[in-house]
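Reviewing the structure listed below.
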Amino acid sequence: QVQLVESGGGLVQAGGSLRLSCAASGRTFSNYAMGWFRQAPGKEREFVAAISWRGCSTRYADSVKGRFTISRDNAKNTVYLQMNSLKPEDTAVYYCAASNAYSTGTYVGEYDYWGQGTQVTVSS
């Protein structure tokens, strides 16, 4: 069992930056691939970014590529999402997730554990 807690969300103007953090506890954190997803009201939860358990591989949704960066610090049991050049369309609840796999999956069903989410709001 893994527990995940997100933090760092808030309200920013378009063009601004935020860094989200996800602290993990429970099973050995370094053995899990990690991902970030987001969900706006009335929409499906969508993939944002993922990182392999050793941090060697990353992948991003086309909508955030070049603006967002995912990273992890296994010594601190924490995964991060640095978000730059934010746009109003980035407004959503952001969730971190853990997968019992090496691969950096892009589908909700590939992840086994989820955090409670943190709200990100980008104003025009």
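Distance CZ/Arg59 to CZ/Phe47: 6.0 Å, rounded to 0.5 Å. Summarising the geometry, atom CD belonging to Gln3 is positioned 11.5 Å from atom CG belonging to Asn77; distances are rounded to the nearest 0.5 Å. Rounding to the nearest 0.5 Å gives a distance of 13.0 Å between OH of Tyr95 and CG of Leu20. The distance from atom CD of Gln119 to atom CG of Leu11, rounded to the nearest 0.5 Å, is 9.5 Å. Atom OH of residue Tyr107 and atom OG of residue Ser99 lie 14.5 Å apart, to the nearest 0.5 angstrom. The OH atom of Tyr113 sits 4.5 Å away from atom OH of Tyr32, with the distance rounded to the nearest 0.5 Å.
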Legend entry - side chain to side chain contact (heavy atoms under 4.5 Å, CB included) between Thr104 and Thr58, worked out: CA-CA 7 Å; Thr104 50; Thr58 60; over 6 Å; no
Legend entry - Evaluation steps, side chain to side chain contact (heavy atoms under 4.5 Å, CB included), between Ser63 and Arg38: CA-CA 12 Å; Ser63 60; Arg38 66 188 183 187; 3.5 Å; yes
Inset, instruction - For salt bridge (Lys or Arg N to Asp or Glu O under 4.0 Å), just list the numbers for Lys87 and Asp90, CA-CA rounded to whole Å, side-chain angles, deciding distance to a tenth of an Å, and then say yes or no. - result: CA-CA 5 Å; Lys87 305 174 181 179; Asp90 295 318; over 6 Å; no
Legend entry - Full working for side chain to side chain contact (heavy atoms under 4.5 Å, CB included) between Met83 and Val122: CA-CA 11 Å; Met83 305 185 295; Val122 185; over 6 Å; no
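Minimum interatomic distance between Lys76 and Thr78 (heavy atoms only, all atoms of both residues): O-OG1, 2.9 Å. In terms of heavy-atom proximity, Ser85 sits nearest to Ser17 at N-OG, 4.3 Å. Across all their heavy atoms, Val64 and Val48 have their closest contact at CG2-O, 3.5 Å.
Of the possible donor and acceptor atoms, one in the side chain of Tyr111 sits under 3.5 Å from a partner among the backbone N and O of Gly105. Between the Ser57 side chain and the Ser52 main chain, no donor and acceptor come within less than 3.5 Å of each other. Using a distance-only test at 3.5 Å, with no hydrogens or angles considered, a donor-acceptor pair links the side chain of Glu6 to the main chain of Gln116. When atom types are taken as modelled, the side chain of Thr118 and the backbone of Gly9 share a donor-acceptor pair closer than 3.5 angstrom.
Put simply, Tyr60 and Ile51 are part of the same group of oily side chains (I, L, V, M, F, W, Y) that touch within less than 4.5 Å, one to the next. Criterion: ILVMFWY side-chain heavy atoms under 4.5 Å apart, direct or through other members. Under it, Tyr80 and Leu4 are not part of a common hydrophobic cluster. Residues Trp36 and Val93 fall into different hydrophobic clusters, defined by Ile, Leu, Val, Met, Phe, Trp and Tyr side chains chained together at heavy-atom separations under 4.5 Å. In the hydrophobic cluster analysis, where Ile, Leu, Val, Met, Phe, Trp and Tyr join through side-chain heavy atoms closer than 4.5 angstrom, Val120 is grouped together with Met34.
Between Tyr94 and Phe68, the angle of the ring planes lies from 30° to 60°, which puts this pair in the tilted group.
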